[in-house]
Structure formats: C-alpha cells, structure tokens
Amino acid sequence: LGDEFSKDYMKKLRQFLGEEKQQGKVIYPPGPLIFNALNSTPFDQVKVSDFKPALEAAMNEQRRLIAYIVANPEAPSFDNTILALEYASEALDRVMVFYDTWSGSLQSPDFQAIEKEMAPKLSAFTDEVIQNQGLFARIDAVYRSPEAKDLKPEQRRLIWYCHNQFVSKGANLTPEA
C-alpha cells in the first residue's frame, strides 16, 4: 500500500479527514487502526485453504456473541445491543477483507471452488442474523428508545443505520410475508 499513500486521491482524503477532525468530528477508525487488517495478517501469508475454516469459525463466533446479546436480561441499550453487535462481527469482518479482495482480484480455480461452496453459506448466515427476532427486537427497542435522542450524533447514526439495514433486508416482515 506504500505507493497508494502518495497518490493524489489519498492526499485529498487525508486532507478532508484532517479538516473534519479539526471541526471536532469523530473519525472512525482512528488513524492508527486504518488498514489494520493488513497489518494483523500479512496478505502474502493468506492461503486459499484457510478461507473456509476461517469463515466458518468467524460465523460461529458471531452466532455465539449474538446469542449472548439476545439473552442479555438488561434492557436494550446502545452499548449492550448496537455496540455489542458491532463487536460481534469483528472476526467475520476481518476475514471478509481478505475474502472479498481475493474474490475481486485474485481468482484462481481453488478459490472459485471455495467461493462456490461458501457463497450460499454466507448468504444463509446473513439471513440467519437478519431474521433473528430476538436480536431485531433489541435493535428496534434501541431505535425507538426516547434515550436515543440524548446520544452523540454518530451513535444515533449507527442506531439508524443498523435498524435500517435489518428492516431493508426483511427483519420487520411477518412470517406470512
């Protein structure tokens, strides 16, 4: 990525982010964490054979964490629902950085075979998360909560985004629909 940082578009992006930060806006991720996935796992060490077990392990981890969120006896809040859901997807998000990069530009017959096998599993997993009624009930409760208006703008935006992602993918539909 070294050469990318010296390109004009990257300079403009850095200037824009610097101006936003000077205006007191929160920039996410923080500077040291940008492109962190590539620092955590050197791309040249990724093997096609690692994708399937990594994706399956990450989906199972997210399932476990979502079950914990849903079973939480505390009233739904930004921290114990929305933020917890963001953290629950971290492992899968990290794997998907590499999987999507490989899918978009490093196709090989070995990868295509894994992609053919994993695509329906990833789709089914997304449906499983979206259709989790207990999870959506908590997200919806936070979205409709009067306390949400007292949160920071970026927190309210994340609540809105999360809720709308679920609704737009059918979480609010009845089983008959």
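Keep in mind that the numbers below use all heavy atoms, side chains included, and drop hydrogens, waters and symmetry copies.
In this structure, Tyr99 is a member of the same hydrophobic cluster as Val48, with clusters built from ILVMFWY side-chain heavy atoms closer than 4.5 Å.
Closest heavy-atom contact between Val97 and Thr101: O-OG1, 2.7 Å. The nearest pair of heavy atoms linking Ala58 to Ala91 is CB-C, 3.8 Å. Between Met118 and Leu55, the shortest heavy-atom contact is CE-CB, 3.8 Å. Taking every heavy atom of both residues into account, Ile139 and Thr81 meet most closely at N-CG2, 3.9 Å. The two residues Lys121 and Glu117 come nearest to each other via the heavy atoms NZ-OE2, 3.4 Å. Nearest heavy-atom pair, Leu135 versus Val70, reported as atom, atom and distance to 0.1 Å: N-CG2, 3.5 Å.
Inter-residue side-chain proximity for Phe51 and Val46 is flagged as met; some heavy-atom pair is nearer than 4.5 Å. Taking the side chain as every heavy atom from C-beta outward, Met59 and Leu122 approach each other to under 4.5 Å. Counting heavy atoms from C-beta on, the side chains of Leu65 and Tyr87 never come closer than 4.5 Å. Residues Glu90 and Glu61 have side chains not in contact (no heavy-atom distance under 4.5 Å, counting atoms from C-beta outward). Counting heavy atoms from C-beta on, the side chains of Ile69 and Arg138 come closer than 4.5 Å.
Between atom CZ of residue Arg64 and atom CD of residue Gln62 there is a gap of 11.5 Å, rounded to the nearest 0.5 Å. In this structure, CG on Asp100 lies 10.0 Å from CG on Asp93, to the nearest 0.5 angstrom. Note that CD1 of Ile114 is 9.5 Å distant from CH2 of Trp102, once rounded to the nearest 0.5 Å. Atom CG of Leu92 sits about 10.5 Å away from atom CG of Asn60, to the nearest 0.5 Å.
Of the N and O atoms on the side chains of Asn80 and Ser77, at least one donor lies less than 3.5 Å from an acceptor on the other residue. Checking Glu115 against Ser103 by side-chain atom types alone, a donor-acceptor pair falls below 3.5 Å. Side-chain contact annotation: Glu19 with Gln23, donor-acceptor N/O pair under 3.5 Å absent.
Remark: the backbone N or O of Glu86 is paired with a side-chain donor or acceptor of Ser89 at under 3.5 angstrom.
Relative ring orientation between Phe166 and Phe136 is described as parallel, the plane-to-plane angle staying below 30° on a 0-90° scale split at 30° and 60°.
The side chain to side chain contact (heavy atoms under 4.5 Å, CB included) check on Asp50 picks up Lys47, with sequence neighbours excluded.
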Indicate every side-chain donor-acceptor pair of residues 156-164 with a distance under 3.5 Å to a residue at least two apart or in another chain.
{"from": "Arg156", "atom 1": "NH1", "to": "Leu151", "atom 2": "O", "distance (Å)": "2.5"}
{"from": "His163", "atom 1": "NE2", "to": "Asp140", "atom 2": "OD1", "distance (Å)": "2.7"}

